[in-house]
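Each ligand, and each atom within it, is numbered from 1 in the order the structure gives.
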Amino acid sequence: MTQRIELFRCIIAAGFLTLPGTAQSESSPTTPNIVLIFLDDLGYADVGFNAELFGVETDVVTPNIDALATGGTIFKQAYVAHPFCGPSRMALLSGRMPHTFGGQKNLPDVAKNLEGYNERGLPETEIMMSTVLQDAGYYTGCIGKWHIGSSKPFHPNSRGFDEFYGFTGGGHHYYPSLTDKVEPKVNDYQFFLEKNGEDIMSPDGVYLTDTLTEEAINFMKTGIQKEEPFFLYLAYNAPHSPLHGKTEDLQYLYPDHEPATPGNGVNFQDYERRQNYVAMIYAVDRGMKSIVDTLNDPDGDGDSSDTVMDNTLIVFMSDNGGKIRQGASNAPLQDDKGSTLEGGIRVPMFMHWPDQVPGGHVFEHPVLSLDLYPTFAGLANADIPEGKTLDGKDIWNDLLNGQNPRGDEPVFWLRHHGVGNEVSIRQGNLKAYRKIFGAWRIYDLSADLTETTDLAGENLELLDYLLGKGYEWSQNLIDPQWHDTAAGKKNWEEKGMPNWKKTFSRR
Ligand code: CA
């Protein structure tokens, strides 16, 4: 492993010497294939390229992910719109803050059968990036986790995806054949995988991450045969719980590892949790190698003259921060999934596209997952439907020119708790933060990445300005259109939520 890290250091050092940019064109020559790889609960330091960038020692093994990252542009300040799964995915694909359409809570587990809730999902009025790309002639595929609505109007095949393979709920067992046999199914994780609405019985031994990779490759191979470009949204479940490292990966990474029956990890020792978590990321890295191999040599005959890599944009990011008690590390950031401190909302990210995305480069300015929709639409020459609002920006030219896409515009993060809100408002490098009705704090992210030194006392004027901006912003938001639990709904009604006035006051 030491050898790997040394090799990686050389790659990254070499990459950083070739500064990019000047030879890049302002617009792309052709509409590219787009491969969007979205991980679930990946820790900030849990891919080699990001650990290296922030000087964090790590035991993750991600050589294939790291090679792509260092061959492209790593985003040092990439943010998602919400610190947990469902709302983050809805934001990514709709291009809007989830609170604007009431999608700021996870959809309830379908198996919970809460009244009427199975019929909910991302409102049909929010045209998704997949539809826009499909309308522009792209062949579109969603492989993996959906979590945007399970019933027909909200199903991937109704929302701009020609192909879907995966599961529509919030997660899945990693050995699907084990849960295929469970009846009755008591949670989403036990449902059959499906292909375009048809249940799939998984053969024994099938490992979720590997089967998602295989389906992604099949999709890309079909797409490469077509005249039009393809858009692949590959939403791996990994490394989200349950902590099911693949047995062979655990044995390879930890020769002393004692094989255990895949469980929920609750009874694991800390080191067992971490080992499973690392193994789950390793399986994604193996998938990345297969994806790169397919793009480099689609017919697999060893001759790369049929490569499509030069016309493929690959984007890699996570839906939110890692969960520390599941074995993740968000170092050097504070807190984890669910928080609007950096550890919940700031994620590893890179883009790769030979000769188009600057190679061996680090982009220093903040970018948002919300920026991908307009950026992809721009590259695809796709039309944004009339009346469609997008909360992000097309960052393509800023990326090529090394410019900050939003200057001093404030950016907001908001998560509802039972009785109050957790809010962050960032302007420039300063970030105001409040959890429920605790004191407002201000952190300087340029000097204090771990958010430990409160500067509110010396920035009261700025704080008042940001609170005004926050309140103004909140007036465009609506109540959650669903709650993930009955208790959540009751709390909302009984505690006077959303409590905007109180949230954005200093008291
Ligand atoms: Ca997640």
Quiz item: Parallel, tilted or perpendicular: which fits the ring planes of Phe350 and Phe49, with parallel below 30° and perpendicular above 60°?
Solution: perpendicular
Side chain to side chain donor-acceptor pair (under 3.5 Å) with Tyr433: of Glu451, Glu342, Glu422, Arg441, only one passes, and it is Glu422
Ring pair (Phe, Tyr, Trp, His ring centres under 6.0 Å): which pairs involve residues 64-88, sequence neighbours left out?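 Those involving residues 64-88 are Phe75-Phe363, Tyr79-Trp413, His82-Phe84, His82-His99.
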Check your understanding: Does a salt bridge link Arg406 with Asp398, judged by any charged N lying under 4.0 Å from a carboxylate O?
Key ->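 Here Arg406 does not pair with Asp398 in a salt bridge, since their nearest N and O are not under 4.0 Å apart.
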Self-check item: Trp492 and Trp482 aromatic centres sub-6.0 Å
Solution: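 Between Trp482 and Trp492, which both carry aromatic rings, the centre distance is not below 6.0 Å.
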Give me the number of protein N, O or S atoms whose distance to the Ca ion (ligand 1) is under 3.0 Å.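 Every protein N, O or S atom under 3.0 Å from the Ca ion (ligand 1) counted, the figure is 6.
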Exercise. Would you please indicate yes or no on a ring centroid separation below 6.0 angstrom for Phe167 and Tyr189?
Key: no
